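Inspection log for the structure reproduced underneath, given as C-alpha cells.
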Amino acid sequence: MPARLRFWRCFPASAASSSSASWPLATGRSFRLHSRLTTRRSIPRNIPQPHPHSCRQIRVPRVPQGTRAHPSPLSQHHPQPQPVALVPSIADMSESNTTSRPTRVRIAPSPTGDPHVGTAYIGLLNYVFAKQRGGQFILRIEDTDRTRFVSTSEQMIFDALKWVGLTWDEGPDVGGPFGPYRQSERTAIYREHVEILLANGTAYRSFETAEELEAMRQQQIAAKTPPRYNGAARHLSQEQIDAYLAEGRPYTVRLKVPLEGSTTFRDELRGDITFEHTNVDDQVLMKSDGFPTYHLANVVDDHLMGITDVIRAEEWISSTPKHILLYKAFGWEMPKFWHMPLLRNADKSKISKRKNPVSLNFYRDSGYLAPAVLNYLGLMGGGMPQLTEQEIVSRGINTKETDIFTLPEMLEKYDFARISLGGPVFDLVKLKWLNGEYLRKLSPEAFFSAMRETIFSDAYLQSIIPLVQARLETLGQIGDLADFLFRDNVMPPENVWLPKKRESAETLAFVGEQLTALEAATWDKDSIEGELKKLGEAKGWSVKENFMLLRAIVSGSATSPPLVESMVVFGKARTLDRMRRFLAFQKLPKRN
RNA sequence: GGCGAUAUGGUGUAACUGGUUAACACGUCGCCCUCUCAAGGCGAAGAGUUCGGGUUCGAGCCCCGAUAUCGCUACCA
C-alpha cells in the first residue's frame, strides 16, 4: 500500500471526536484522520493500534483499500452494497459528524473566455466522484466578476462539457431544486448572508477606495512587509459607519479573521493543513458593486446547494482557511475538501494559454476525439489502477492498453486514493498519440463520420465557400487555395513572413501584440479587423504590413483568401494557437 | 519576502504492511516489415528515486535537515 499520508498517531481514539467542533482550535495534525479510522468500524488488522505512549509518525492509507489489488480486511469483512460499485464509500469511513448526506459535488467555472481544459479536468474528477457514489454532479456558473465577464462564454462552457461527454444533474440550463445556478442571479441571497455576518460580528464594512488600498499595498511592499489589509475599518465606530452609510459612501464587506490562533482543515488527499491567522487576510467578501467575491459566493452556494465534497484545484488551498472560517461563522456543516494537483505547462508552471492550447474549443476544432481527451485527462494525476507485472504476464494483454480507458471504466476503477500529488505536465505529444489510438480503432464508417462532423462538416465547408468560389477556375483547385484551413502544421518560411522593411525582432514583438489584441477580440470580422487596424495605427504598422504578416502566419503563404474572413472560419482557438506556435517556433534556437 | 503544497528517467504513472539488477506507457534512437510515410513487430539508451544525514541486516517507501519547483499573497476566479 503506498503510504501517502503522514500523521501523528499519538492520540487516543477518544480525543478524536471533539476536535472538529471548536474554533479556532489549532489541532494537531491528525485528530480527525485518526478518528476516520477508528470510528464506526473495527480497526483494520493491518493497521497498528494506537498506543497511548507511542508517538511515532507512520503512514497510513488515505482511503480504505477496497479497490486495491489486495483487498483490505475492511472490505472483506464488511462488504458494502454500492450504487455503482467501487471505492467503498469514503463517506462511510469518515468521521461521524458527517451525517451520510447524499454525495453532491459541483464545478463552478467562470465565464471569462474560452472553456478551459482545467474545467474539463476538474469536471471529470467531480463527475466520476459523484457517479461512483450515486450522487449528483452540479454545474454552477460563477459570474460575479463583471469586469471579466464574457457573454458568449457560458454557452461555450455548456457546449464544451457536453462535447467531452460530461453531463450535469443540475445547472443553469437544466435547472434543479437549488437554483438559480448562476451566481449573478443570486445576489439577494448573498446580501442576506452578508447581513448575518455583519450582525454576528464575523465581518465588517470597509470604506477604503481601491486607490487607497493600492497605495497601502505599495507602501507595504516598499517596506518589505507582507501586503495585507491593515484592518483599519475594524475599529470604525458605529457613528462613523452610520455617517459613511448616510452619505452613500461605497464600501466592501470583509471577513473578520481572528487576530490570533490558527485554522486547521483536512485535505482528503494530503491530511491536515494549518494556517496561522496572522497569515490569513481579511478577505473582501462583498465588493463595492454589490457582487460577492468567490469566497463568499462559493461557501454560501455550496452550503445552500448541499455540496458534500469540494473537489477543486490545488490553487485554492491557500484560501481554504477563509472558507472554513466562513462555514464556522455561519455555523454550517463543512464539506470535505479535495484539492487536485494543477495541470502544468512543459516548464511546470500552471497551465496557461501562452504555453499550451487550453481551450477545449481548440481540441474539438482540431479534431481530437472527446473520449481521447477525457481519457488523457483521466491519466493526469493517476487515479486509475495500473496493471501489475503478474497481470501483464498472465493475461498477456498489450501493456499500452493500461493507459487507454473509457469513462465507464473510470467510473468502475478510478480511485481517488491513488491520485498522485505532483502537478502533471499536460503533454500534447502523448495526447496526440492517444488520440491516434482512438482514431485507428474507429471503423472506416465511424472515421468517416468523425471527419464529416468536424474537419469536413457541412457547416465548415459552407463557411469556406464564399471565400473560395470567386477565386477558383476548377473545383479541384480548392486545396491550392484553402489548404491551410485543413492543415495542422503551418509554418511560413522567413522570406514569406518577414516584411521587407522590418527587423525580425520587432516583427515578432508585433506578432505578440497582434496576439494580445486578438485574444481580447470578439471573433467576428468587424471586431478582428478593428482590433488589428487599431493596433497597426498605434504601432506604426501599415495595414498592408500588418495583414500580410498575419496572413503569412495563419495561411503559411503570401496569397490566401481574405484574411479576416479566413480567420473567422478557422476559429479563434485554432487561429490563436497557430500564432502562438509560430512565435514559439521562431524563439527556438536556430541552427547555424 | 511571507504562507502553503509538492518532489521516482525528457513526460505521465507503477513499485503490496521497508525485501533481490526500480516496472509500464509516451517520446527518443536502432533494426524488421514496406514503393514512401504512418501503423505494427523486435531491441536499445535514458532515473538509482531532489540533495545530505540518520534508523535498519536491508530505505523510493520510516526519521531529521536542507534544496528546488509550483501555488497563493486583488473589490479575479
Side-chain angles (χ1 to χ4, degrees), chain A residues 1-4 6 44-48 56-61 65 68-70 72 108-112 142-148 206 208-210 213-214 217 220-221 224-229 250-254 267 269-270 273-276 278-281 283-295 297-298 312-321 339 341-342 344-350 376 379-389 392 398-404 418-434 436-437 439-440:
Chain A
M1 180 69 200
R4 291 175 153 109
R6 285 159 231 129
R45 281 185 302 205
N46 61 344
I47 294 180
R56 190 165 61 96
Q57 190 164 47
I58 64 162
R59 303 190 121 202
V60 296
Q65 307 177 27
R68 299 304 176 99
H70 307 279
S72 70
S110 200
T112 55
E142 305 236 340
D143 54 353
T144 55
D145 184 353
R146 83 283 177 220
T147 60
R148 294 204 306 156
S206 167
E208 289 85 354
T209 63
L213 291 172
E214 182 56 25
R217 241 169 60 83
Q220 290 167 328
I221 291 171
K224 297 208 193 291
T225 57
R228 218 189 308 286
Y229 179 64
Y251 63 89
T252 61
V253 176
R254 287 179 181 270
D267 178 285
L269 299 179
R270 285 159 248 261
I273 298 175
T274 298
F275 286 82
E276 297 297 324
T278 49
N279 292 318
V280 182
D281 204 357
Q283 182 66 49
V284 169
L285 301 175
M286 175 80 73
K287 297 177 266 189
S288 55
D289 65 1
F291 278 84
T293 59
Y294 170 85
H295 307 282
N298 138 71
R312 74 219 316 186
E314 191 181 5
E315 55 190 335
W316 292 108
I317 289 178
S318 308
S319 37
T320 303
H339 290 102
L342 234 29
R344 308 293 179 92
N345 297 311
D347 65 4
K348 296 277 186 180
S349 55
K350 171 167 123 177
Y376 185 68
L379 240 24
M380 300 279 86
M384 282 296 273
Q386 301 290 300
L387 292 175
T388 63
E389 264 179 273
I392 292 168
N398 192 333
T399 45
K400 77 182 180 190
E401 297 295 329
T402 338
D403 279 350
I404 302 177
R418 292 192 63 97
I419 288 170
S420 66
L421 268 11
V425 171
F426 190 90
D427 179 12
L428 223 40
V429 174
K430 185 151 184 179
L431 206 205
K432 278 186 197 163
W433 164 78
L434 234 198
E437 288 290 322
L439 244 24
R440 272 174 237 117

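Letters go in sequence order (proteins before strands), and every chain restarts at 1. The shown structure was predicted, so the numbers you read here are calculated from the model rather than taken from an experiment.
- G18(B) takes the anti form, because its glycosidic angle lies more than 90° either side of 0.
- Although no hydrogens or angles enter the test, the distance criterion places a donor-acceptor pair under 3.5 Å between the side chain of Asn345(A) and the main chain of Lys350(A).
- Taking the six-membered ring where tryptophan is involved, the planes of Trp316(A) and Tyr294(A) are essentially parallel, since the angle between them stays under 30° and well short of 60°.
- One atom, CZ of Phe426(A), and another, P of C26(B), lie 18 Å apart when rounded to the nearest Å.
- Contact annotation: Arg217(A) reaches the phosphate of A74(B) (side-chain N/O to OP1 or OP2, under 4.0 Å).
- One interatomic measurement links the two molecules: CG of Leu379(A) to C1' of G27(B), which rounds to 14 Å at whole-angstrom precision.
- Across the protein-nucleic acid pair, Ile317(A) atom CD1 and U6(B) atom P stand 7 Å apart, rounded to whole Å.
- Nucleic acid contact class of Gln220(A) (heavy atoms, under 4.0 Å, all strands): none.
- Considering only side-chain N and O atoms, Thr402(A) lies nowhere under 4.0 angstrom from the phosphate OP1 or OP2 of A14(B).
- C61(B) and A25(B) have their C1' atoms separated by 23 Å, given to the nearest Å.
- Comparing the P positions of C70(B) and A77(B) gives an interatomic distance of 25 Å, to the nearest angstrom.
- In this structure, of A77(B), G12(B), C3(B), it is G12(B) that holds the atom nearest to the side chain of Asp403(A).
- Comparing A45(B) with A39(B), their P atoms sit 22 Å apart, to the nearest whole Å.
- The nearest heavy atom of RNA chain B to Pro227(A) and to His295(A) marks one nucleotide each, and the one closer to the 5' end goes with Pro227(A).
- Taking each heavy atom of His339(A) and Ala313(A) in turn, the nearest pair found is CD2-O, 3.5 Å.
- In this structure, the separation between CG on Asn298(A) and CZ on Arg312(A) is 5.5 Å, given to the nearest 0.5 Å.
- The backbone N or O of Thr147(A) sits less than 3.5 Å from a side-chain atom of Asp145(A), completing a donor-acceptor pair.
- When heavy atoms are screened at a 4.0 angstrom cut-off, Met286(A) is found touching no nucleic acid atom at all.
- Here the closest non-hydrogen pair linking Asp281(A) and Tyr229(A) is OD1-N, 3.4 Å.
- In this structure, of C70(B), U11(B), C72(B), it is U11(B) that holds the atom nearest to the side chain of Asp427(A).
- Counting any heavy atom pair closer than 4.0 Å across all strands shown, Gly381(A) reaches sugar-phosphate atoms only and no base atom.
- Looking only at distances, a side-chain donor or acceptor of Ser110(A) sits under 3.5 Å from a matching main-chain atom of Glu142(A).
- Relative to the six-membered ring of Phe291(A), Arg146(A) misses at least one condition, a distance below 6.0 Å or an angle of at most 45° to the axis.
- Residue contacts shown for Thr144(A) are limited to sugar-phosphate atoms, with no base heavy atom under 4.0 Å away.
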### Contact pattern, 5' to 3', of nucleotides 43-49 of chain B - B, S or - by protein heavy atom under 4.0 Å
-------
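- Side chains of Arg228(A) and Thr278(A): a donor-acceptor N/O pair is absent below 3.5 angstrom, by distance only.
- When the nucleotides A5(B), U13(B), U11(B) are ranked by their closest atom to the side chain of Ser420(A), U13(B) comes out on top.
- For Lys350(A) and C72(B), the shortest distance from a side-chain N or O to OP1 or OP2 is below 4.0 Å.
- Residue Ser110(A) is in sugar-phosphate contact alone, with no base atom involved, counting any heavy-atom pair closer than 4.0 Å across all strands shown.
- When rounded to the nearest whole Å, the span between CH2 of Trp433(A) and P of C24(B) equals 15 Å.
- Phosphate proximity of C75(B) to Arg254(A): present, with a side-chain N or O under 4.0 Å from OP1 or OP2.
- Of the residues near RNA chain B, Glu437(A) and Glu142(A), the one whose nearest nucleotide (by heavy atom distance) lies more toward the 5' end is Glu437(A).
- Distance from the side chain of Arg440(A) is smallest to A39(B) among A39(B), C26(B), C75(B).
- Here Tyr294(A) lies in heavy-atom contact (under 4.0 Å) with a base.
- Among all heavy-atom pairs drawn from Ile273(A) and Asp267(A), the shortest one is CD1-CB, 3.9 Å.
- Distances were taken from every side-chain heavy atom of Ser349(A) (C-beta onward) to each of A39(B), C70(B), U13(B); the shortest belongs to C70(B).
- Checked against A77(B), G40(B), C26(B), the side chain of Val429(A) finds its nearest nucleotide in C26(B).
- Distances were taken from every side-chain heavy atom of Lys348(A) (C-beta onward) to each of G4(B), U11(B), C26(B); the shortest belongs to U11(B).
- Rounded to whole Å, the distance from CG on Leu269(A) to C1' on G71(B) is 16 Å.
- With rounding to the nearest 0.5 angstrom, the CG atom of Asp403(A) is 4.5 Å from the CG atom of Leu379(A).
- Across all strands shown, Leu213(A) has heavy atoms under 4.0 Å from base atoms, whether or not it also approaches the sugar-phosphate.
- Taking atom C1' in both G30(B) and G48(B), one finds a spacing of 26 Å when rounded to whole Å.
- On the P atoms, U49(B) is 13 Å away from G10(B), given to the nearest whole Å.
- In this structure, the nucleotide among G40(B), C70(B), G12(B) sitting nearest to the side chain of Arg344(A) is C70(B).
- The same atom, P, is picked in A38(B) and in C31(B); the two are 13 Å apart, to the nearest Å.
- On the C1' atoms, G46(B) is 15 Å away from C24(B), given to the nearest whole Å.
- Closest approach of Asp143(A) to Pro111(A), counting heavy atoms only: CB-CG, 3.7 Å.
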### Query
Reading RNA chain B 5' to 3', how would its secondary structure be written in dot-bracket notation, given Watson-Crick and G-U pairs with both distances under 3.5 Å, brackets [ ] for crossing pairs and | for partners on other strands?
(((((((..((((.....[...)))).(((((.......))))).....(((((..]....))))))))))))....
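- Asp289(A) has its CG atom 18 Å from the P atom of A74(B), to the nearest Å.
- On a pure distance criterion of 3.5 Å, a polar donor-acceptor pair joins the side chain of Ser288(A) and the base of C75(B).
- Comparing G4(B), A14(B), A77(B) by their nearest atom to the side chain of Arg418(A) picks out A14(B).
- A distance-only check finds no donor-acceptor pair linking the side chain of Thr112(A) to the backbone of Arg148(A) [under 3.5 Å].
- Nearest nucleotide to the Asn279(A) side chain, out of C70(B), G12(B), C3(B): C3(B).
- Met384(A) has its CE atom 14 Å from the P atom of U13(B), to the nearest Å.
- In the interface, the side chain of Ser318(A) is not paired with the base of G4(B) through any donor and acceptor atom under 3.5 Å apart.
- Rounded to a whole Å, the CD atom of Gln283(A) is 9 Å from the C1' atom of C75(B).
- Remark: the separation of the P atoms in C72(B) and C57(B) is 46 Å, to the nearest Å.
- In this structure, Lys287(A) reaches the A77(B) phosphate: one of its side-chain N or O atoms is under 4.0 Å from OP1 or OP2.
- Smallest separation of non-hydrogen atoms from Leu342(A) and Pro424(A): O-CD, 3.5 Å.
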